[in-house]
There are 2 protein chains.
Amino acid sequence: MHSEVVASRSADQRDSSRESRNGTPTLDAVSLAIIQQLQEDGRRPYAAIGKAVGLSEAAVRQRVQKLLDQGVMQIVAVTDPLTVGFRRQAMVGVNVEGDVESIADALTGMSEVEYVVMAAGSFDILAEIVCEDDDHLLDVINKRIRALPGVRSTESFVYLKLKKQTYMWGTR
Amino acid sequence: MHSEVVASRSADQRDSSRESRNGTPTLDAVSLAIIQQLQEDGRRPYAAIGKAVGLSEAAVRQRVQKLLDQGVMQIVAVTDPLTVGFRRQAMVGVNVEGDVESIADALTGMSEVEYVVMAAGSFDILAEIVCEDDDHLLDVINKRIRALPGVRSTESFVYLKLKKQTYMWGTR
DNA sequence: CACCACTTCTGCGAAATCCGCAAGGTTCGA
DNA sequence: TCGAACCTTGCGGATTTCGCAGAAGTGGTG
């Protein structure tokens with residue numbers, strides 16, 4: 001009647017939190033389905049989720065709590081920064097000599113930096129910066145990032161228009 | 001006792017949804033405070049938010065509903081893609097000849113593309129791609145993106161390690 | 001100033017949800 | 001066989017959500 005995701009809960013998809021090789025918990029199909037529900041609506045009631053994934057309300061509650069505790073997922077409000085008063089954003093590509101990770105850590109510590117990723121290619125690090133205005137952006141890039149010892153060069157891409165921003169992993 | 005954000009709701013911060021010049025709604029201090037609460041916990045009850053921002057439960061509910069309807073904010077579960085089974089991610093810089101926006105729209109239509117932004121600098125568009133494995137990633141970049149008419153060239157930055165990912169705009 | 005249209009906030013029941021808890025079943029692995 | 005982990009069912013009580021009616025403030029107009 002109502003689309004069940006799981007028919008039989010047989011051996012190959014039962015464990016919801018075993019540790020895999022790299023230390024991150026492995027997710028089974030049911031937890032994935034729960035996350036999917038919460039990606040559509042973070043406030044969806046547990047009973048509705050349970051009906052959708054084929055679990056009781058209590059079980060969903062336990063799983064969600066565990067997923068949150070483990071840090072696998074978080075339920076948050078996300079906004080378009082422009083609407084909230086941050087008018088200048090940029091992606092900054094950084095080239096590093098020496099220890100890349102320590103530079104990445106330094107960037108991570110800056111509150112204006114929303115996103116830091118170590119990458120392969122012509123940049124060692126990509127960092128997204130969210131600022132209130134041009135002065136602020138300039139300050140962060142030139143005075144703070146370029147000033148870090150070990151930063152060889154940077155290249156900035158100022159955002160003109162945000163076209164897409166999704167959080168629908170697994171919903172494909 | 002409990003920190004009130006707003007003391008007097010006087011003229012200069014009353015409107016919660018007026019249209020500003022560029023068409024995006026302007027937010028007042030109260031809505032900002034509500035968003036802030038929901039960035040800490042997307043499931044926080046309306047009454048608790050109301051207490052924190054100095055509004056009744058019903059008022060908070062109405063404002064949240066409006067913010068959601070307007071698309072100013074969404075309440076969702078966010079995860080680390082790696083944990084959910086997407087092992088390859090990349091940022092792709094795209095150079096375009098002709099209409100940049102139509103290319104951006106095409107990218108937006110691809111489910112593997114999580115993030116699309118039009119930028120100034122040596123790339124016209126930056127797009128973040130989330131894939132299950134190398135084959136998938138290769139396919140998206142070479143067969144689908146490069147195949148778009150108007151795409152002059154692309155450059156890929158494969159993610160090695162995600163260091164930071166925040167959703168705390170306004171919480172500074 | 002009076003009046004109207006509009007929006008927002010408040011207050012209040014009724015319904016739904018959340019939450020903790022307990023008892024019992026199943027499966028898996030030590 | 002035992003323990004651990006997980007799920008289910010069921011249950012109340014506390015909390016939250018939800019819809020609605022009424023009050024209050026704003027802006028525009030004559």
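Each chain gets a letter, A, B and so on, in the order its sequence line appears, and its residues count up from 1.
With a 6.0 Å cutoff to the six-membered ring centre and a 45° limit on the axis angle, A:R152 does not count as a cation-pi contact of A:F123.
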Protein-nucleotides 14-21 of chain C N/O pairs under 3.5 Å:
unit_1, atom_1, unit_2, atom_2, d
C:dC18, OP2, A:Y46, N, 3.1
C:dG20, N7, A:R61, NH1, 3.0

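The shortest distance between side-chain heavy atoms of B:I141 and B:E112 does not fall below 4.5 Å.
Under the 4.0 Å criterion applied to side-chain N and carboxylate O atoms, A:E57 and A:K51 are not assigned as salt-bridge partners. Salt bridge present: B:R63 and B:D28 bring a charged side-chain N and a carboxylate O closer than 4.0 Å. We find that A:R88 and A:D135 are not joined by a salt bridge, their nearest charged nitrogen and carboxylate oxygen being 4.0 Å or further apart.
Spacing between atom CG of A:D41 and atom C1' of D:dT17 amounts to 13 Å, rounded to whole angstrom units. Atom CG in A:D28 sits about 14 Å away from atom P in C:dC28, given to the nearest Å. Look at CG on A:L55: it is 14 Å from C1' on C:dT26, rounded to the nearest Å. In this structure, B:L67 places its CG atom 16 Å from P of C:dT7, rounding to the nearest Å.
For D:dC6, neither phosphate oxygen OP1 nor OP2 lies less than 4.0 angstrom from any side-chain nitrogen or oxygen of A:R63. Here B:K66 does not reach the OP1 or OP2 of C:dT7: none of its side-chain N or O atoms lies under 4.0 Å away.
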Q | Worked verdict on B:E114 versus B:Q89 for side chain to side chain contact (heavy atoms under 4.5 Å, CB included) | A | CA-CA 10 Å; B:E114 270 292 317; B:Q89 290 176 264; over 6 Å; no

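B:A59 comes within 4.0 angstrom of a nucleotide base, judged by non-hydrogen atoms across all strands.
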